[in-house]
Amino acid sequence: MTIYAAAKQSKPLRRFLKPQTHKTHSSSLFLRSLSAEPNPPLQEEDDESYIAQVVQLLQPSEKDWNFKQLHHLLFSDGSNPSLSRLFRITRRLNYSKALDFFDYLRANSPNQEDSELSSTFHAVLDVASREPSSQNKLLELYRRSKELSIPLNIKATTLLIPCLGRVGMVDEALIAFNKIDPSCKNTHVRNLIIRELLKWGQVDDALHLLDEMLEAKAEFPPDSVTGDFVFGALLKRGRAGRQISEDEIFGLVVKFGKHGVFPDKLKLTQLIMKLCRNGKIDDALDILYDVMKSEGVVEAASCNAVLTGLGRKNDFKRMNLLMAEMKERNIQPDAVTFGIVINFLCKSRRVDEALEVFEKMNGGENDRFPVEPDVIIYNTLIDGLCKVGRQEEGLQLMERMRLQNGCAPNTVTYNCLIDGFNKVGEIERARELFDEMEKEKVPPSVITLNTLVDGMCKHGRINSAVEFFNEMQSDGMKGNATTYTTLISAFCNVNNINKAMQLFDEMLRVGCTPDAIAYYSLISGLSRAGRLDDASFVVSKLKEAGFRMDAVSYNVLINGLSKKSKVEKVYEMLKEMEENGVKPDVITYNTLMSYFSKTGRLETAHEVLRKMLSEGLVPTVVTYGALIHAYCLNGDTNEAMKIFREMSCASKVPPNTVIFNILIDSLCKRSEVELALSLMDEMRVKGVKPSTTTYNAMFKGLREKNLLDKAFKFMDRMVVQACNPDYITMEILTEWLSAVGETEKLRNFVKGYEVSVSSA
DNA sequence: GTAGGGTTAG
């Protein structure tokens with residue numbers, strides 16, 4: 001509908017254009033119009049001939065107008081013609097004539113009123129809007145109206161707002177809107193101005209006007225058009241102006257709902273997705289239930305969006321409630337709905353429940369709408385099975401897929417299975433599956449490549465991995481950042497830093513852009529290898545590439561630097577962190593504390609602890625470990641024991657094996673073996689498992705006091721607990737037991753492990 | 001629906 005057609009339908013104008021037919025009138029006009037029916041009313045006939053005459057007079061160019069006759073026709077009885085007549089005359093002229101006529105009226109009309117000017121000006125605008133290059137003409141007219149202070153009526157403003165908006169003169173549009181009489185500000189004109197305000201990012205102005213419309217008893221409430229573009233605007237983001245917060249979105253949707261205006265199916269789903277993405281699941285659910293209750297159209301997609309959000313929050317209870325609600329309201333679940341539930345169960349390692357849902361979805365007796373599982377659902381299940389080590393069942397499910405029409409295994413299916421066999425160390429089976437892909441004409445992807453490369457790396461076959469990568473490359477497949485990161489990390493882990501660096505260079509050379517993870521991995525590898533200059537070089541490259549250092553990467557560097565006692569550099573790093581707005585975390589503080597503790601700087605360690613607490617960070621078992629270690633190294637086992645007692649009761653951080661090890665080692669070294677033994681008991685009582693280090697410390701202490709029986713007891717316990725001795729254990733025991741002629745016991749000890757290995 | 005990464009104490 002054109003703007004003109006819309007105007008024609010609105011009431012005030014119709015009153016001008018049509019004969020008066022008010023039933024309460026007993027005037028002659030009323031009778032005449034009645035008697036004239038069904039023929040055109042006389043009034044209109046009169047108007048028509050009058051208008052035709054005036055228009056005729058206006059046909060020559062302005063200088064040739066018959067001003068006398070014109071004046072006579074227009075103003076002969078001393079009063080101006082009706083607004084309706086002027087409007088209709090003007091609308092029959094072309095743009096330039098209309099403008100001339102308007103100027104003539106302004107100059108000559110004897111009793112000039114705002115309404116007359118406004119109405120005629122509106123007619124000029126209307127003419128302009130239907131001519132070529134209407135945009136420029138309207139803008140010109142707008143400027144003119146300001147220059148000459150011509151008041152704009154609602155119709156004129158309605159025409160001008162979109163035109164001003166189009167060229168970004170949104171402030172002017174708002175001024176024009178504000179000048180309209182409040183009682184005329186109908187929904188249509190409000191829609192126009194709000195739309196422009198939103199378009200140009202003037203969110204606050206828009207929301208303010210919207211609020212007026214959304215009031216409970218608003219005179220001009222929102223309509224479906226309002227809803228349409230407001231909901232649309234709520235979905236867009238990152239455009240000019242401030243962001244509309246999720247809370248505002250929720251509030252608006254609710255208020256629209258109170259006026260019976262709801263987002264359409266698609267927008268509802270998108271709004272819900274947006275809310276869910278930002279953690280506003282409760283709001284998303286509220287909106288969904290609102291629409292359901294108002295009997296709006298809700299389809300599975302909207303419910304699926306909420307189900308996804310609930311799944312992410314691990315809220316299985318409400319997932320079930322929503323599905324029950326869907327059933328009640330006859331909202332048919334689709335494959336995606338089942339996929340979400342199955343995926344949730346698989347990711348929570350509840351694979352058997354996932355399989356139950358799967359069996360029910362198309363075969364269950366109580367389901368009115370059977371849904372065929374699709375490839376994605378099969379793949380989800382196969383991945384779920386593989387992730388809990390049931391890759392054989394995964395294989396069976398793949399066979400079952402082949403039996404279902406249109407559900408052939410694809411690349412993802414194979415990738416999941418290959419990863420499954422990799423994770424349990426069955427590299428050969430993984431490789432066989434890869435070969436099977438070629439036979440089955442399922443193309444491998446870069447993920448297939450990376451999965452196999454990772455499997456080989458994780459099982460100590462880095463060279464095979466490189467070889468395989470090269471083969472794939474000669475087959476035309478390209479690696480990506482993940483491929484290189486996998487290999488780089490693998491080489492770092494075996495301390496082959498040069499090879500790692502070489503791969504990084506290769507990655508750049510072949511035009512594969514490293515991502516942040518690639519940089520982080522190399523930085524970590526270099527730091528751990530003590531090559532801090534190389535590490536900081538890579539840091540500079542990371543920054544050049546536009547990535548940012550995060551707390552973890554700084555921690556890696558700080559740890560590396562403190563291991564090399566480069567304290568000044570550590571402080572430099574801390575300063576840089578602050579400058580870059582990266583807050584030190586618990587691990588940063590723990591790293592610092594353990595460095596100062598190890599180097600005997602107890603006071604500095606305490607200072608770090610104070611700072612950490614003042615930052616609101618909660619000490620962990622590692623924090624206590626560092627502190628206890630510091631006191632032990634200072635020879636103050638009493639204070640160490642005091643902290644040990646405090647940590648479990650006051651701070652509720654239970655000590656772990658490492659804490660006990662520190663204390664037992666220190667006590668044994670100070671010949672307080674009895675106390676160490678009592679800690680061993682405490683470990684048993686508290687269910688903290690001793691490690692090889694624990695036993696080694698204990699054996700050293702016991703040897704000093706020659707407490708053989710106790711040593712034998714611990715040797716038995718090590719065997720029972722399958723706690724493997726290391727070379728230190730063997731050194732202590734061999735030396736001690738040989739010296740006292742108990743080599744038989746030592747032999748049995750070693751044999752015990754052989755037995756446990758063979759039985760396993 | 002599938003792949004890669006880095007941090008602290010003995």
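Order of the sequence lines fixes the chain letters, A, B, ..., with proteins taken first and strands second; residue numbering starts at 1 for each chain.
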Aromatic rings A:F644 and A:F660: how do their planes relate, parallel, tilted or perpendicular, breaks at 30° and 60°? perpendicular
Under 4.0 Å: is that the gap between some side-chain N or O of [X] and OP1 or OP2 of [N]?
X: A:K669; N: B:dG10; value: no
X: A:S521; N: B:dG4; value: no
X: A:K387; N: B:dA3; value: yes
X: A:K423; N: B:dA3; value: no

Base, sugar-phosphate, or nothing: which does [X] touch, judged by heavy atoms less than 4.0 Å apart?
X: A:D383; result: sugar-phosphate
X: A:A516; result: nothing
X: A:T588; result: nothing
X: A:V586; result: nothing
X: A:I662; result: sugar-phosphate
X: A:V556; result: sugar-phosphate
X: A:D515; result: base

Closest non-hydrogen atoms of A:L617 and A:P584, given as atom of the first, atom of the second and distance, are CD1-O, 3.9 Å
Can you see which heavy atom on A:I662 is nearest to which on A:C632, and at what distance? CG2-SG, 4.1 Å
When you measure only distances, ignoring hydrogens and angles, does the side chain of [X] come within 3.5 Å of the base of [N] through a donor and an acceptor?
X: A:N656; N: B:dA9; result: yes
X: A:T485; N: B:dG4; result: yes
X: A:T482; N: B:dG5; result: no

Stepwise side chain to side chain donor-acceptor pair (under 3.5 Å) test for A:Y414 and A:E440: CA-CA 11 Å; A:Y414 277 100; A:E440 297 284 333; 5.0 Å; no
Residues of residues 435-451 of chain A with any non-hydrogen atom less than 4.0 angstrom from an atom of DNA chain B: list those, numerically ordered, please. A:I447, A:N450, A:T451
Listed partners of A:E392 passing salt bridge (Lys or Arg N to Asp or Glu O under 4.0 Å), at least two apart: A:R429
For residues 456-466 of chain A, the side chain to side chain donor-acceptor pair (under 3.5 Å) pairs (sequence neighbours left out) are A:E428-A:R461, A:D454-A:K458
Kindly point out which of [options] is positioned nearest to the side chain of [X]?
X: A:K347; options: B:dT7, B:dT2, B:dG4; result: B:dT2
X: A:S594; options: B:dG6, B:dA3, B:dT8; result: B:dT8
X: A:T693; options: B:dG5, B:dG10, B:dT8; result: B:dG10

Under 3.5 Å, side chain of A:S594 to main-chain N/O of A:A626, donor-acceptor pair present? no
Using the side chain to side chain contact (heavy atoms under 4.5 Å, CB included) definition, which of the options A:I587, A:L609, A:L574, A:T604 pairs with A:L592? A:L574
Taking NZ from A:K598 and C1' from B:dG10, how many angstroms apart are they, rounded to a whole number? 10 Å
